[in-house]
2 protein chains.
Amino acid sequence: MSDRQLTGPSTDLGATRIARRERMRRRRQVIDLGVLDAHLGYFVRRLQVWIFQDFVRTLSAFDIRPAQFSVLVVIEANQGLSQADLAGTLGIERARLVRLLDGLERRGFTRRKASPIDRRSHALFLTESGQAALKRIKAAAAEHEAHLTERLGARKREALLSALRDFV
Amino acid sequence: MSDRQLTGPSTDLGATRIARRERMRRRRQVIDLGVLDAHLGYFVRRLQVWIFQDFVRTLSAFDIRPAQFSVLVVIEANQGLSQADLAGTLGIERARLVRLLDGLERRGFTRRKASPIDRRSHALFLTESGQAALKRIKAAAAEHEAHLTERLGARKREALLSALRDFV
DNA sequence: TATTGTTATACTCTATAACTATA
DNA sequence: TATAGTTATAGAGTATAACAATA
């Protein structure tokens, strides 16, 4: 951030240009994407991979991956919800959620309690240490989001966010 | 649907069951995404998963996945390029591209030839049957893209495409 | 020394199927 | 019959490290 001031107003554009040139150099040839250029999925995938990598790198001190983060956040916001509801909300398989929760429970972040209304299901909670950890994890995740804003530009990030929000 | 009429009295039971399930579904609490709602990565991931699933389903007759499609398309548009350039362009690991090409070669779609300028590298080409197959595959991929347009709306899809194009 | 293609390993994630205990 | 959680398995994808041949 601070080094930006030295280069003046064109910093963002300059940084983008430099980054692009760097990517081109690595490629050493201008390669045609062909019909890929008309497929939204290709670009969505590239962005998603970039986001995952930056997320993991930024939160490496916590050893938290995007899926784990989403589970912690949704449990915090809906204490006592069931695994089925959680899986349905996040669009992940119930079978996969089992392992995910096993890991978070082993680390002392979450807990499965007996549901008071349905003996088949579990009510999910964050432990106290889970809540404390999540507080710091969310701060780191916000840092990741700042990287994204830096990379996309605040306007574009906001536009994408509101465009995609009602998709789910 | 039509078999309901044949079952006579049990139609009511079936209808009751369906109505109950519907009530259950509605009764299910609305789940709060918490801070996830401010993370672009979450929504990008959800969209990307949707796209992958629709792509695979739409192209199931060809047994082609997104990564394979992107490899075929870029080889077609840049016949003779090297594996390193292809991997760099698509942002996939060189190690992974090896297996990907093994599979496409085994199916007779692509071919590795000796590079005329660098004895370390391979020059990649589509075979004739690979070109013929890709022609039909691209038509199916366009069908998938139409699903996406249907789901997002043409305007939003176009806006997303042009917003993300210069990200890579 | 650096790069190209390759092999190998570990881990994450998706997609299914099946099982149990409840409802 | 259907649902919640679980176990198991197969396959795709990511991330690394290492190696031989070549630049």
Side-chain angles (χ1 to χ4, degrees), chain A residues 25-29 45-46 48-57 60 63-71 81-88 90-105 110 112-124, chain B residues 10 13-14 16-25 27-28 45-46 48-57 60 63-71 81-88 90-105 110 112-124:
Chain A
R25 189 194 61 75
R26 247 181 260 129
R27 232 172 269 162
R28 284 183 355 233
Q29 228 193 95
R45 174 64 171 166
R46 293 301 300 262
Q48 186 258 309
V49 167
W50 189 93
I51 289 174
F52 258 51
Q53 288 172 338
D54 184 80
F55 188 97
V56 170
R57 212 181 313 124
S60 60
D63 192 24
I64 288 286
R65 297 180 60 81
Q68 298 172 310
F69 177 69
S70 66
V71 164
L81 87 167
S82 71
Q83 293 182 201
D85 281 347
L86 178 54
L90 293 177
I92 62 186
E93 292 298 323
R94 284 199 289 285
R96 176 163 144 60
L97 183 57
V98 173
R99 299 293 204 90
L100 226 33
L101 285 172
D102 287 348
L104 293 171
E105 222 166 51
T110 62
R112 288 181 250 224
K113 297 186 183 177
S115 164
I117 52 172
D118 187 336
R119 275 169 43 202
R120 290 174 304 182
S121 76
H122 293 154
L124 302 175
Chain B
S10 62
L13 264 177
T16 303
R17 221 177 283 127
I18 287 169
R20 201 191 62 171
R21 196 186 309 149
E22 184 60 19
R23 283 199 304 278
M24 296 273 282
R25 194 190 61 75
R27 196 188 308 150
R28 200 168 265 174
R45 175 62 170 167
R46 294 301 299 261
Q48 186 258 307
V49 167
W50 189 94
I51 289 174
F52 257 51
Q53 289 172 339
D54 183 80
F55 187 97
V56 170
R57 212 181 313 125
S60 59
D63 192 25
I64 288 285
R65 296 180 60 80
Q68 298 172 311
F69 177 69
S70 66
V71 164
L81 88 167
S82 71
Q83 293 183 200
D85 281 347
L86 179 53
L90 293 177
I92 61 186
E93 292 298 322
R94 287 201 309 277
R96 176 162 145 60
L97 183 56
V98 172
R99 298 291 205 90
L100 225 33
L101 286 172
D102 286 348
L104 293 171
E105 222 165 53
T110 62
R112 288 181 250 224
K113 297 187 183 176
S115 165
I117 51 171
D118 186 335
R119 276 166 45 199
R120 290 173 305 181
S121 75
H122 293 153
L124 302 174

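Numbered from 1 within each chain, the chains take letters A, B, ... in sequence-line order. As the structure is a prediction and not an experimental result, all values here were calculated from the model.
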The test is side chain to side chain contact (heavy atoms under 4.5 Å, CB included); show your working for Leu97(A) and Val71(A) and say whether it passes.
CA-CA 9 Å; Leu97(A) 183 57; Val71(A) 164; 4.0 Å; yes

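- Note on Arg112(B): a side-chain N or O is less than 4.0 Å away from OP1 or OP2 of dT6(C).
- Atom CD of residue Gln48(A) and atom CD of residue Gln53(A) lie 9.5 Å apart, to the nearest 0.5 angstrom.
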Review item, nucleotides 14-17 of chain D N/O atoms under 3.5 Å of protein N/O:
| residue | atom | partner | partner atom | Å |
| --- | --- | --- | --- | --- |
| dT14(D) | OP1 | Arg45(A) | NH2 | 2.8 |
| dT14(D) | OP2 | Arg96(B) | NE | 3.2 |
| dA15(D) | OP1 | Gln53(A) | NE2 | 3.1 |
| dA15(D) | OP2 | Gln53(A) | NE2 | 2.9 |

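- Mapping Phe52(B) and Ser82(A) onto DNA chain D by nearest heavy atom places Ser82(A) closer to the 5' end of the strand.
- Taking only side-chain nitrogens and oxygens, Gln83(B) comes nearer than 4.0 Å to OP1 or OP2 of dT6(C).
- With sequence neighbours excluded, the residues that form a salt bridge (charged side-chain N to carboxylate O under 4.0 Å, His left out) with Glu105(A) are Arg112(A).
- Following rounding to the nearest Å, Leu81(B) (CG) and dT4(C) (P) show an atom-to-atom distance of 12 Å.
- Arg57(B) meets the salt bridge (charged side-chain N to carboxylate O under 4.0 Å, His left out) test with Asp54(B); sequence neighbours excluded.
- Note: CH2 (Trp50(B)) to P (dT14(C)) measures 17 Å, nearest angstrom.
- When the P atom of dA2(D) is taken as reference, atom CZ of Arg94(A) falls 14 Å away, rounded to whole Å.
- The shortest distance between the side-chain N/O atoms of Arg65(B) and the OP1/OP2 oxygens of dG13(D) is below 4.0 Å.
- The CG-C1' distance, from Asp102(A) to dT12(C), rounds to 15 Å in whole Å.
- Straight-line distance from the CD1 atom of Ile64(A) to the P atom of dT12(C): 12 Å, rounded to whole Å.
- Arg119(B) meets the side-chain contact (heavy atoms from CB on, under 4.5 Å) test with no other residue; sequence neighbours excluded.
- Atom NE2 of His122(B) and atom P of dT3(C) are 19 Å apart (whole Å).
- Annotation: side-chain contact (heavy atoms from CB on, under 4.5 Å) contacts of Ala84(B) (sequence neighbours excluded): Ser82(B), Arg94(B).
- Ser70(A) contributes atom OG, which lies 7.0 Å from atom CG of Leu100(A) (distance to the nearest 0.5 angstrom).
- In this structure Arg46(B) satisfies the side-chain contact (heavy atoms from CB on, under 4.5 Å) test together with Val168(A), Tyr42(B), sequence neighbours excluded.
- In terms of the side-chain contact (heavy atoms from CB on, under 4.5 Å) criterion, residue partners of Arg120(B) (sequence neighbours excluded) are, by chain and number, Asp118(B).
- Atom pair Arg99(B):CZ and dA10(C):C1' shows a separation of 14 Å (rounding to whole Å applied).
- Distance Leu101(B) CG to dG13(D) P: 13 Å, rounded to the nearest Å.
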Which nucleotides of nucleotides 18-23 of chain C have their base under 4.0 Å from a protein heavy atom (B), which only their sugar-phosphate (S), and which neither (-), written as one string 5' to 3'?
---BBS

